Amino acid sequence: MKYDFSAVESKWQKYWDEHGTFHASEDHNKKKFYALVEFPYPSGAGMHVGHIKAYSGLEVVSRKRRLQGYNVLFPIGFDAYGLPTENTAIKTGVHPRQVTDNNITKFTSQLKRVGFSFDWDRVVDTTEEDYYKWTQWIFLKMFENGLVFRDKTLVNYCPSCKVVLSNEDSQGGKCDICHSDIVQKDKEVWYLRITEYADKLLQGLDEVDYLPNIRLQQENWIGKSTGAFVNFSIKEQDEQLRIYTTRPDTLYGVTFMVIAPEHPIIEKYRDQIANIDALDAYKAECAKKSEFERTQLVKDKTGVKIEGLTAINPITEKEIPVYVADYVMMGYGTGAIMAVPAHDTRDYDFAKKFGIDIIEVIKGGDISVEAYTGDGEMVNSGVLNGITNKKDAIEKMLAFLGEKGIGEKGVQFKMKDWAFNRQRYWGEPIPIVHCADCGMVAVPYEELPLRLPPVDNFQPGSDGESPLAKIDSFVNCKCPKCGKDAKRETDTMPQWAGSSWYFLRYCDNKNNDCLASREALDYWMPVDWYNGGMEHVTRHLIYSRFWHKFLYDIGEVTTSEPYAKRTAQGLILGPDGQKMSKSRGNVVDPNDVVAEYGADTLRLYVLFMGDYEQAAPWSESSMKGCKRFLDRVWKLQEKVVDGNEYSDKLRSSMHKTIKKVSEDIENLRFNTAIAAMMGLLNQIDEIGSLTKAEYRDLLIMLNPFAPHITEELYETMGFGGVLNEQKWVEYDEALCVDNTVEIVVQINGKVKAHFDAPLNSDRETLEKMAFELPEVTKITDGKTIVKKIAVPNKLVNIVVK
RNA sequence: GCCGCUGUGGUGGAAUAGGCAGACACAAGGGACUUAAAAUCCCUCGGACUAAACAUCCGUACCGGUUCGACCCCGGUCAGCGGCACCA
């Protein structure tokens with residue numbers, strides 16, 4: 001009887017659907033397990049096999065946990081606001097709501113065909129009113145707590161998408177969505193004060209279990225540095241020019257200062273600056289450069305000396321020039337630096353170009369050739385002279401600065417505030433009203449959701465204005481505070497908004513009174529295990545931790561961190577070894593695979609193809625191996641003999657395999673778990689038969705990977721009940737070890753022979769047994785034995801001369 | 001430039017408290033079954049030397065070190081991938 005996978009798979013998918021098999025229970029007395037995967041953006045292209053791999057990891061863990069008796073929450077939803085949908089709408093004339101619904105339907109059917117055990121009762125869609133109502137609600141809470149502000153700055157603007165982008169969305173000077181070049185534009189935009197949480201976001205990493213590289217990327221993104229603020233006085237002015245430095249130990253080597261072109265001191269002393277025209281021109285020139293260009297021109301430093309402002313080195317009391325240069329950014333530190341050309345490569349390049357003095361204060365390099373950034377003995381440094389340790393030098397200087405009252409220890413973060421707006425239609429409207437008298441006024445909570453108005457034309461305005469600005473009925477309103485005529489904010493929220501708290505909504509997705517009930521959050525949170533892509537580690541993961549920490553601070557949630565554990569899967573590359581993409585034409589559609597090989601084969605293969613955390617290329621022929629394996633499992637039915645216990649021949653292998661599979665699943669080592677089951681099957685085939693107990697337990701351990709075929713076999717074998725209601729298999733540690741172990745005999749470190757020895761034989765016994773082997777005596781005869789090493793249960797190594 | 005990860009057969013990948021390198025698969029070759037093909041089953045499968053086997057030697061990117069013993073630890077080099085990037 002051949003295995004008809006398509007009939008079996010649809011049979012069980014229907015069964016699970018009808019029985020609500022995978023609905024998380026609201027019985028809060030049971031031990032819980034909350035597994036979270038990143039919900040997809042429902043694009044028109046549908047899912048590709050990369051999605052399947054991303055979800056299959058925790059799918060296996062979830063199914064195992066259910067068998068282990070946990071109440072499992074394994075939800076799915078759709079992160080549906082965003083530009084691609086809106087662009088499709090503009091192109092086709094179909095409303096984004098409709099586009100979204102179509103795509104969600106498509107995604108849902110694809111996910112169900114793979115047989116994922118998601119709780120389909122808890123689906124969230126970020127674009128639905130009863131969801132984005134709470135996104136707006138959280139925004140207003142932030143507004144209320146001073147975490148929302150507006151600022152007019154140069155922003156990253158994509159001329160093609162006609163939107164303002166965050167730094168995160170415009171990395172490398174290219175738009176994240178359409179890859180056009182970003183230009184700088186002066187605009188008043190919304191910000192969330194994420195920097196206020198920088199320290200908490202950093203410290204919180206100590207409380208959670210993230211993969212080391214994930215943690216590191218977050219730390220780098222937050223970018224904490226410790227150093228000092230130092231005040232430099234300006235000659236003949238009552239003025240302090242404040243700088244930030246991580247190297248206060250090099251203060252004696254400061255020979256000039258540099259300020260950013262936008263530094264306010266220029267405006268303040270316009271009248272005293274002789275070359276103000278040149279400075280204005282330089283500033284204008286810098287403004288024209290995109291951030292990308294500005295950061296690319298690393299080698300050739302530009303700048304202008306300020307004629308009229310001279311600073312004084314507070315330690316040496318020497319007069320030093322002040323320059324304006326665009327290698328200093330207004331957005332980091334104080335927008336001004338002390339330049340130490342001898343020990344900083346940028347300052348060195350600048351000093352060489354402008355002929356400024358270079359004074360060595362740390363021995364060890366050759367400053368006539370290049371800046372020396374290493375450690376060494378302090379020289380030309382007054383009180384620091386002779387110190388050889390950087391840390392000591394910094395400590396001493398900080399104390400010295402404190403005594404003299406010219407500086408103090410300080411901390412800086414690279415992370416910037418979050419530009420929180422889009423000038424587009426398909427996003428959550430920002431619930432703020434602009435009133436001529438009252439300023440920015442929050443829309444009252446009871447008026448939420450502030451609905452996205454129906455509209456026919458989604459085309460953004462020509463200068464980056466939102467399409468909402470064209471809808472008078474939306475824009476014109478009354479001020480909630482004073483009742484006078486006012487205008488609504490027309491920007492919408494960025495795509496990251498909806499995904500910043502979706503994991504909370506899953507806990508209680510139908511609640512109309514709050515974002516989720518206290519009881520549900522108490523029970524389900526934190527997420528026990530969150531898996532997703534590496535590409536979201538610096539954005540989504542930071543943003544959602546920020547929102548969660550804010551909600552914790554205002555008492556809405558009960559855990560300070562949302563995710564107890566975070567892992568990441570590797571990409572599936574195309575068969576050509578390239579990243580899968582529509583433009584390369586190497587995308588594999590899971591529907592095609594399911595139709596031809598079955599869902600179980602697909603599931604098995606995406607986990608078997610390699611290390612789960614590493615990228616691996618798609619190989620159709622390799623997948624056939626998985627199909628072959630399942631077909632052989634199917635055929636085992638014919639070899640089953642009666643027996644409620646493991647047979648002697650297989651007992652130890654069964655226990656070993658159960659142990660291996662159980663442990664490997666916990667460590668995301670699905671490939672070796674599957675390999676172990678394949679090995680077991682090979683052994684069974686060699687023996688020629690297996691007992692009912694053996695077959696039953698093999699089906700149980702294979703079930704999380706290949707649920708359809710195993711359920712079907714479980715039923716046809718008449719083991720009783722349905723498989724997903726059984727208990728996960730257990731192993732006996734004592735039965736995982738054999739009575740005899742094979743010992744390796746090495747001579748001079750090279751393997752020469754093997755022998756079997758009783759388990760835990762002592763060293764002398766092993767050595768004695770080794771010397772009884774003819775292979776050994778043959779080589780050692782007539783030679784001097786220099787040394788004998790015996791490792792119990794492993795090997796004997798004989799060193800001869 | 002800085003930080004991180006990776007480098008193992010024809011291919012995907014196994015193997016780390018330092019102890020038999022290549023598990024499990026794929027591909028390839030040979031055979032069985034078949035009118036034939038598919039499917040299935042059996043055998044071979046890192047390299048050199050062999051007609052073949054035994055034996056021997058070489059082999060985990062490259063060079064060196066520690067060790068009885070190194071894919072694994074240490075120092076250096078190269079290559080690929082990812083992240084950050086004039087961050088003071």
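Chain letters run A, B, ... following the sequence lines, proteins first, then strands; residues in each count from 1. Bear in mind the structure is a predicted one, so any value in this text is a computation, not a measurement. Scope of the values below: all heavy atoms of this structure, side chains included, with no hydrogens, waters or symmetry mates.
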Under 3.5 Å on both distances, the Watson-Crick or G-U partner of B:C78: B:G7
Taking 4.0 Å as the cut-off, does a side-chain nitrogen or oxygen of A:N682 come that near to OP1 or OP2 on B:A25? yes
Ion pair check, A:D631 and A:K627, cut-off under 4.0 Å: yes
Do A:K301 and B:C86 have a side chain to base donor-acceptor pair shorter than 3.5 Å? yes
Does A:N671 make a side-chain N or O approach to OP1 or OP2 of B:A14 shorter than 4.0 Å? yes
Taking the six-membered ring of A:Y327, is NZ or CZ of A:K301 closer than 6.0 Å to its centre and within 45° of its axis? yes
Under a 4.0 Å N-O cut-off, is there an ion pair linking A:E663 with A:R669? no
Quick check on B:A88: is either OP1 or OP2 less than 4.0 Å from any side-chain nitrogen or oxygen of A:Y332? yes
5' precedence on RNA chain B between A:N748 and A:T245 (nearest-nucleotide basis): A:N748
Rounded to whole angstroms, how far apart are CG on A:D685 and C1' on B:U40? 12 Å
Does the side chain of A:L401 come within less than 4.5 Å of A:I315's, by heavy atoms? yes
Using the C1' atoms only, state how far B:A85 lies from B:C71, rounded to an integer number of Å. 34 Å
Side-chain donor or acceptor of A:Q614 under 3.5 Å from a matching atom on the base of B:G13? no
Could one point to a donor on the side chain of A:E742 or the base of B:C20 with an acceptor on the other under 3.5 Å away? yes
A:R215 has an atom CZ; how far is it from atom P of B:C3, in whole Å? 19 Å
Watson-Crick or G-U wobble partner of B:A14, both distances under 3.5 Å: none
For B:C41, give its Watson-Crick or G-U wobble partner with both distances under 3.5 Å, or none. B:G31
Any idea which of B:G19, B:A88, B:C68 is nearest the A:M329 side chain? B:A88
Scanning all shown strands, the Watson-Crick or wobble mate of B:U60 with both distances under 3.5 Å is none
Looking at A:E767 and A:K787, does any basic side-chain N land under 4.0 Å from a carboxylate oxygen? no
Across all strands shown, which nucleotide pairs with B:G1 by Watson-Crick or G-U wobble geometry, both distances under 3.5 Å? B:C84
May I ask you to evaluate whether A:K752 reaches the phosphate of B:U56, defined as a side-chain N or O under 4.0 Å from OP1 or OP2? yes
What is the distance from NZ of A:K750 to P of B:C57, rounded to the nearest Å? 6 Å
Taking the C1' atom in each of B:C5 and B:C68, what is the distance between them to the nearest angstrom? 33 Å
How far does the P atom of B:C49 sit from the matching atom of B:U44, given to the nearest Å? 22 Å
Once rounded to the nearest 0.5 Å, what's the spacing between atom CG of A:D375 and atom CD1 of A:I362? 7.0 Å
Looking only at atom C1', what distance separates B:C26 and B:A37, rounded to whole Å? 22 Å
Of all the nucleotides listed (B:A88, B:C41, B:G13), which has the minimum atom distance to the side chain of A:R632? B:C41
Can you tell me how far P of B:A88 sits from CG of A:L241, to the nearest Å? 18 Å
To the nearest Å, give me how far apart CG (A:D249) and P (B:A88) are. 13 Å
I'd like the P distance from B:G4 over to B:G76, given in whole Å. 13 Å
If you check the A:N797 side chain, which of B:G19, B:G12, B:G83 turns out closest? B:G19
Out of B:C68, B:U40, B:A88, which nucleotide sits closest to the side chain of A:K635? B:U40
Closest approach to the side chain of A:I789, judged atom by atom: which nucleotide of B:C84, B:C68, B:C24 is it? B:C68
Over-ring placement of A:K624 relative to A:Y597, 6.0 Å and 45° cut-offs: no
Partner nucleotide, any strand, of B:A51 [Watson-Crick/G-U, under 3.5 Å]: none
Are more than 12 heavy atoms, taken from residues, nucleotides or ligands other than A:K409, located less than 6.0 Å from that residue's NZ atom? no
Selection from B:C3, B:C84, B:C68 that lies nearest to any side-chain heavy atom of A:L216: B:C3
Using a 4.0 Å heavy-atom cut-off across all strands, classify A:V799 as base, sugar-phosphate, or nothing. sugar-phosphate
Both A:S622 and A:R247 contact RNA chain B. Taking the nearest nucleotide for each, which residue is further toward the 5' end? A:S622
Please report the distance separating the P of B:A32 from the corresponding atom of B:G80, rounded so that it comes out in whole Å. 49 Å
Can you tell me how far P of B:C24 sits from CE of A:M623, to the nearest Å? 22 Å
Taking the same atom, P, in B:A39 and in B:G7, what whole-Å distance lies between them? 34 Å
Tell me whether B:G64 sits syn or anti, counting syn as a glycosidic angle within 90° of 0. anti
Candidates B:A21, B:G19, B:A14 - which lies nearest the side chain of A:D611: B:A14
Has the side chain of A:K53 got a donor or acceptor atom that lies under 3.5 Å from a matching backbone atom of A:G570? yes
A:L636 versus A:L690, closest heavy-atom pair with distance: O-CD2, 3.9 Å
Looking only at B:C58, B:C86, B:U40, the nucleotide nearest the A:R628 side chain is B:U40
When you measure from the side chain of A:T672, which nucleotide among B:C68, B:A14, B:G19 comes out closest? B:A14
With both distances under 3.5 angstrom, what nucleotide forms a Watson-Crick or G-U wobble pair with B:G19? B:C68
Between B:C84, B:A25, B:G19, which nucleotide gets closest to the side-chain atoms of A:K794? B:G19
For B:G13, does OP1 or OP2 lie under 4.0 Å from any side-chain N or O of A:R669? no
Within the structure shown, what part of the strands sits under 4.0 Å from A:F629 by heavy-atom distance: base, sugar-phosphate, or nothing? nothing
At under 4.0 Å between heavy atoms, what does A:A615 touch on the DNA or RNA strands: base, sugar-phosphate, or nothing? sugar-phosphate
In whole angstrom, what separates A:Y348's OH from B:A88's C1'? 19 Å
Measure the distance from CG on A:L680 to C1' on B:A25 and round it to the nearest whole Å. 16 Å
How far does the C1' atom of B:U16 sit from the matching atom of B:U6, given to the nearest Å? 16 Å
